[in-house]
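In listed order, ligands and their atoms are each counted from 1. Heavy-atom basis, side chains included; hydrogens, waters and symmetry copies ignored.
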Amino acid sequence: MSELNPVSLIAAKRDGQALSDAELKGLIDAYTQGTVPDYQMSAFLMAAYLNGLSATEAAALTDAMLASGTHIDLSDVPGTKVGKHSTGGVGDKVSPILVPLVASCGVPVAKLSGRGLGHTGGTLDKLEAIPGFRTDLSVEQYREQVASVGGVISGQTGEVAPADKKLYALRDVTATVESIPLIAASIMSKKLAEGNDALVLDVKCGRGAFMKTEPEARRLAETLVGIAARHDTPGVAVLTNMDVPLGRAVGNGPEIREVIECLRGEHEESALMQVVYRLAGEMSALGGVAETPAEGIAAARAAVERGDALERFRRLVAAQGGEVSVLDASDTPPHGAPVADVPVPAGAEGYVADLDAYAIGEAAMRLGAGRQAKEEPVDPVAGLSGLKKPGDAVAPGDVLARLHTGGTPNIEAVKERVQRAYTFSESAPPSAPAVYARHTQAGWTSL
Ligand code: URA
């Protein structure tokens, strides 16, 4: 390629022109190496945010970001490895349930996860609520654990997609996060580096998600599956509901408690388990241990019933240094500090008609479960548990949720925020689906 001229690339994008694969690669390489400064990359990102990127450009951007770091090679691990990613939401504790569950069905799963930022939680913060749990595995430890346990969930090392790490931090402070092609390239540059042979993508849609509307969520799903296909990686995207929090706990320790209950088979009919089973069915079919997703769902239900999924989680926790006695306790993982446990009373009689996922995510953050800025510590015990959900009957004085914190937030303000997140009706509302549709290269199917 002729010498890189960042100004002309920014101008081209500003004027709505498409950039070539080589131009995008040159720009990303130069930014990662530090020869293109933040101010020029910020201008480029804003131009891309405003004018969009074509499918070809999004794929080329992904390739360039992927090539900036290590591509983990798991080809010596037997079996078809299947990865999983969620676009993130409130109470989304699917991964720590799904990874051991699918592993116990015979599909190896290698997963690099992230930390929470803002109102959404992160899988690493959740798992670290288990005392001793390590999320900083080396590539060698990660590879060894997929082979020995069949599942691993670790942090993104500096070696994987360093361009994304730098770009994401810049997008975060330049109001350029919420762009479908930029999100898709960011996600796929990390997912394609994990070493899996196929991918399931949980694209969340609703108030508590990045994608607030179904058309946006569908476009993201199509972009993600399209990028995977260009890398010869079969991908299935599943569109799931994030208008209300997933499950009845939000926050790291409280969510781990719910994970364990789910693996024990205590929430079989919940929306949370509907999402888990749908994704497990898709992963089993992609991994070749089930003929169809429906057959994979039936096998996954049986694995929970037999206790295999819980047992696999025990092995995963032990392999990553976590305290396995937590799995047999009936309380949130302990962390020494005294924990406030404050009930939020209902003021109305009737049924919960709606619960705002975003408001609950914010409340959890104020209790100490989340972070406003990267690298801030989180309180492992903070969050909400026992959330009443749409369709639940309530009488005045009933507990809508319990608030937990090891810190000193303004608990009355959080209580009020949680109460305002609820709306009530006289009769039971129609139940909203947990899972809407699935998308593959062959197109969309309603679920
Ligand atoms: N998650 C990512 O990994 N990247 C984004 O840009 C948004 C969500």
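Taking distance alone, with nitrogen or oxygen atoms compared against 3.5 Å, Arg171 approaches ligand 1 more closely than that limit.
The closest approach between a heavy atom of Val177 and any atom of ligand 1 is not below 4.0 Å.
Summary of contacts: the protein heavy atom closest to atom 5 (C) of ligand 1 is Tyr168 CE1, 3.3 Å. Considering only non-hydrogen protein atoms, atom 1 (N) of ligand 1 sits nearest to Ile187 CG1, 4.0 Å. Protein heavy atom closest to atom 3 (O) of ligand 1, with residue, atom name and distance, is Lys190 NZ, 2.5 Å. Ranking the protein heavy atoms by distance from atom 8 (C) of ligand 1 puts Phe210 CE1, 3.5 Å first.
A salt bridge links Glu128 with Arg115; the closest basic N to acidic carboxylate O contact falls under 4.0 Å.
For the residue pair Glu216 / Thr213, a side-chain donor-acceptor distance below 3.5 Å is found, with atom types taken as modelled.
Figure legend: Lys166 and Tyr31 shown as a cation-pi pair, the cationic atom lying under 6.0 angstrom from the six-membered ring centre and within 45 degrees of its axis.
Which parts of ligand 1 touch Ser186 is read off a 4.0 Å heavy-atom cut-off, strictly below it: atoms 2 (C), 3 (O), 4 (N), 5 (C), 6 (O).
Side chain of Gln320 to main chain of Ile153: a donor-acceptor pair is present (N/O by atom type, distance under 3.5 Å, no hydrogens or angles). Between the side chain of Asn252 and the backbone N or O of Ala129, no donor-acceptor pair lies under 3.5 Å.
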CA sep, side-chain torsions, deciding dist, call: Leu403, Val418, side-chain contact (heavy atoms from CB on, under 4.5 Å): CA-CA 9 Å; Leu403 310 181; Val418 172; 4.1 Å; yes

